[in-house]
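Everything below concerns the one structure shown next.
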Number of protein chains: 2
Amino acid sequence: MQSKIFQLQSGITSKKLVVCAVSCEVTYQGKAETSLAKGDRLIIIKPDGTILIHQPEGNNPINYMKSGTEYTIKWEPPNVVLNAVHIKNSEKLNIIMDQIYFLNSSNLTDAEKIKLSGNEKDMSNMIYANPSIVEHGLIPVNREEQTKYGFIDVLCTDKNNYLVVIECKRFKADLAAVSQLRRYVEKIKTSKGITSVRGILVAPAITSNAMAMLKDWGFNFILIEPPKFKEHIKKTQTKIDEY
Amino acid sequence: MQSKIFQLQSGITSKKLVVCAVSCEVTYQGKAETSLAKGDRLIIIKPDGTILIHQPEGNNPINYMKSGTEYTIKWEPPNVVLNAVHIKNSEKLNIIMDQIYFLNSSNLTDAEKIKLSGNEKDMSNMIYANPSIVEHGLIPVNREEQTKYGFIDVLCTDKNNYLVVIECKRFKADLAAVSQLRRYVEKIKTSKGITSVRGILVAPAITSNAMAMLKDWGFNFILIEPPKFKEHIKKTQTKIDEY
DNA sequence: GGGGAGAGATGCCGC
DNA sequence: GCGGCATTTCTCCCC
C-alpha cells in the first residue's frame with residue numbers, strides 16, 4: 001500500500017495524469033454538500049489539478065473539482081486518505097480509499113483543439129446569408145447595426161419594412177426560447193420607440209406549449225433544420241445499416 | 001500491439017471498465033460534427049457502454065457517447081481503429097490510435113447513490129415552511145392546490161389576499177429567472193381570470209439588467225441566502241485556513 | 001416518451 | 001470579473 005501512496009503522491013506532484021481504480025467513500029463541500037458511501041470508482045487527476053471521480057456507470061463524474069485543486073495524501077491505516085482543496089472556489093473533497101485496485105501515472109501531451117460544426121452559430125449564419133429561407137422578402141440588417149441590440153441571432157426587415165427579430169434553436173424550441181424572443185422584441189420596441197417589430201422563432205421543432213405562447217404573442221414559427229446537420233444524421237444512419 | 005488489441009476487445013465485450021492512455025485522432029458525427037487532430041488522450045469505456053475521451057487538461061470530456069454505445073475494433077497497421085456507434089441516438093465516433101501507452105480493464109462494482117443537500121428544492125422548502133422570511137403576512141397556498149399551476153416554487157397569499165408567485169434561485173438571478181417568474185404570473189392570471197397576482201424573485205443576488213426587468217414588470221426582489229449553504233462555505237473556508 | 005426546469009451545471013465570448 | 005447565452009448540455013421529475 002505504501003508504495004502505491006508514494007506513486008500517487010509523486011504522480012500528482014510531478015504533474016502527470018494519474019488514473020486509479022479504488023474502493024472509496026467520498027464527501028464534498030462547496031457549491032453544495034454531497035456524500036457517497038463505499039463503492040468502486042475510477043479516479044482521474046489531471047496535470048492541471050482537475051479531479052474526476054467516476055462510478056462504473058453513467059456519463060457524468062459523480063464528484064469532481066476543477067483545475068487548480070491542490071492535494072494532500074495521508075496514510076491512515078488501513079486507509080489512504082486523499083484531501084483535495086480548491087481554495088479560490090472554497091471547495092473541498094475528501095476521499096477515503098480502503099483498496100487501490102490499480103494505479104497509473106503517465107505523461108500525456110496534447111495541444112490540439114477540437115473543431116466543431118453544426119452549432120447554432122452555423123445556423124444563424126446560414127439564415128443571415130439567405131434569410132429568404134425563413135420568409136420571402138426579408139433583408140438582413142447590417143450586422144454592426146444589429147450588434148447594438150445585443151444577442152439577437154438575426155435581425156431583418158420584411159417586405160413591409162417591419163423589423164423582424166429571428167431567434168434560432170438547433171433542436172426543439174421550448175418556453176424559454178419564446179421568452180427569449182419576447183425579451184428581444186420588447187427591447188427593440190423600447191430602444192427604438194416603435195411598435196412595428198415582429199418575432200420569428202426558427203427551429204426544427206417546437207413544444208406544444210411553446211407554440212401556444214408564441215401565438216399568444218403574435219410571433220411566428222418557421223421549421224428549418226440546422227445546416228447540413230440532418231444530412232449528417234442520415235449519413236450516419238446509412239453507415240449504421242451497413243454494420 | 002496485437003495483444004493490446006485483444007485486451008481492449010475482451011475488456012469491452014466482458015463488460016469491464018476499460019481505461020487506456022493513447023495517442024489518437026478522433027472524429028464524431030451525431031448531434032454535431034467534430035474532429036480532433038492527433039494528440040495524447042485518456043479513453044474510458046464503461047461496462048454500460050459509456051465512452052469518455054479526456055484531454056490532459058480540463059473538466060469535460062472532449063468527446064463522449066452515452067450508455068448503449070457499441071464497439072468495433074480493427075487492426076489497420078500501424079493503427080488500431082476503434083469505431084463506436086450509438087444506434088438509437090444516430091451517433092458515431094471514430095478513434096484512430098497510433099500508440100497505446102497503457103491499458104487496464106477492471107471489474108468494478110458500485111451500487112451506491114450520492115446524497116446531495118443544499119439545492120434549490122431545499123431553498124423552496126425552507127420558504128414554504130416559513131414564508132415570513134420573504135415578506136410578513138405571507139401564507140402558503142395548499143401544496144396540492146399549487147400543483148395545478150405547474151412548476152411554481154412557492155405560491156402564497158399576502159396580507160391583502162393577493163396571490164404571490166415566488167421563484168427561488170440558489171445563485172445570482174438573471175434575465176431568464178425574471179422571464180420564468182413572468183410566465184408563471186401570467187399563467188396564474190389567465191387560468192384564474194384575475195389580475196391581482198404578484199411576483200417575487202428570491203435569490204442571494206441579482207444581475208442589474210434582471211433587476212431592471214423585474215421593476216418594469218412590477219415584481220419584487222428579496223435577498224435570501226440558500227439554507228445552510230453559506231454556513232457550509234464558511235466552514236470550508238475556515239478549514240482551508242487551517243491547512 | 002414529451003415537457004419543463006434545475007445543475008456543485010460548464011464553457012465561450014463580450015464588455 | 002460580470003453578463004448573457006449555447007451546450008453533442010445532462011439529469012431528474014411529472015404527466
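Numbers restart at 1 for each chain; the letters A, B, ... are given by sequence-line order, proteins then strands.
The nucleotide range of DNA chain D contacted by chain A, defined by atoms under 4.0 angstrom from heavy atoms of the protein and reported 5' to 3', is D:dG1 to D:dT11.
For the C1' atoms, the distance linking C:dA9 with C:dA5 amounts to 13 Å, nearest Å. When the C1' atom is used for both D:dT9 and D:dC5, the distance is 12 Å, rounded to whole Å. C:dG11 and D:dT11: their P atoms are spaced 16 Å apart (whole Å).
Figure legend: A:Arg143 and A:Tyr128 shown as a cation-pi pair, the cationic atom lying under 6.0 angstrom from the six-membered ring centre and within 45 degrees of its axis.
Between C:dG4 and B:Arg183, no contact under 4.0 Å exists linking OP1 or OP2 to a side-chain N or O. Under 4.0 angstrom from either OP1 or OP2 of C:dG8 there lies no side-chain N or O belonging to B:Lys115. For the OP1/OP2 pair of C:dG6 and a distance below 4.0 Å, the side-chain nitrogens and oxygens of B:Gln180 include at least one atom meeting the criterion.
Scanning atom types as modelled, one donor and one acceptor separated by under 3.5 angstrom connect the side chain of A:Asn63 and the base of C:dG8. Counting distance only, with no hydrogens placed and no angle test, the side-chain atoms of A:Glu91 and the base atoms of C:dG8 include a donor-acceptor pair under 3.5 Å.
Near-neighbour residues of DNA chain D inside residues 205-220 of chain A, defined by a heavy atom below 4.0 Å, are absent.
Annotation: of the two residues near DNA chain D, B:Lys172 and B:Thr34, the 5′-most nearest-nucleotide partner is B:Lys172. Across the interface with DNA chain D, nearest-nucleotide mapping of A:Glu120 and A:Phe151 shows A:Phe151 to be the residue nearer the 5′ end.
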5'-to-3' dot-bracket of DNA chain C (Watson-Crick, G-U; under 3.5 angstrom; crossing pairs as [ ]; | other strand): |||||||.|||||||
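Annotation: B:Glu144, atom CD; neighbour count of heavy atoms from other residues, nucleotides and ligands within 6.0 Å does not exceed 12.
As judged by a 4.0 angstrom heavy-atom cut-off over every strand, A:Asp174 is placed among residues making no nucleic acid contact. At a threshold of 4.0 angstrom between heavy atoms, the contacts of A:Lys148 with the nucleic acid are absent. Residue A:Lys66 is classed as a sugar-phosphate contact, given heavy-atom separations below 4.0 Å to backbone atoms only.
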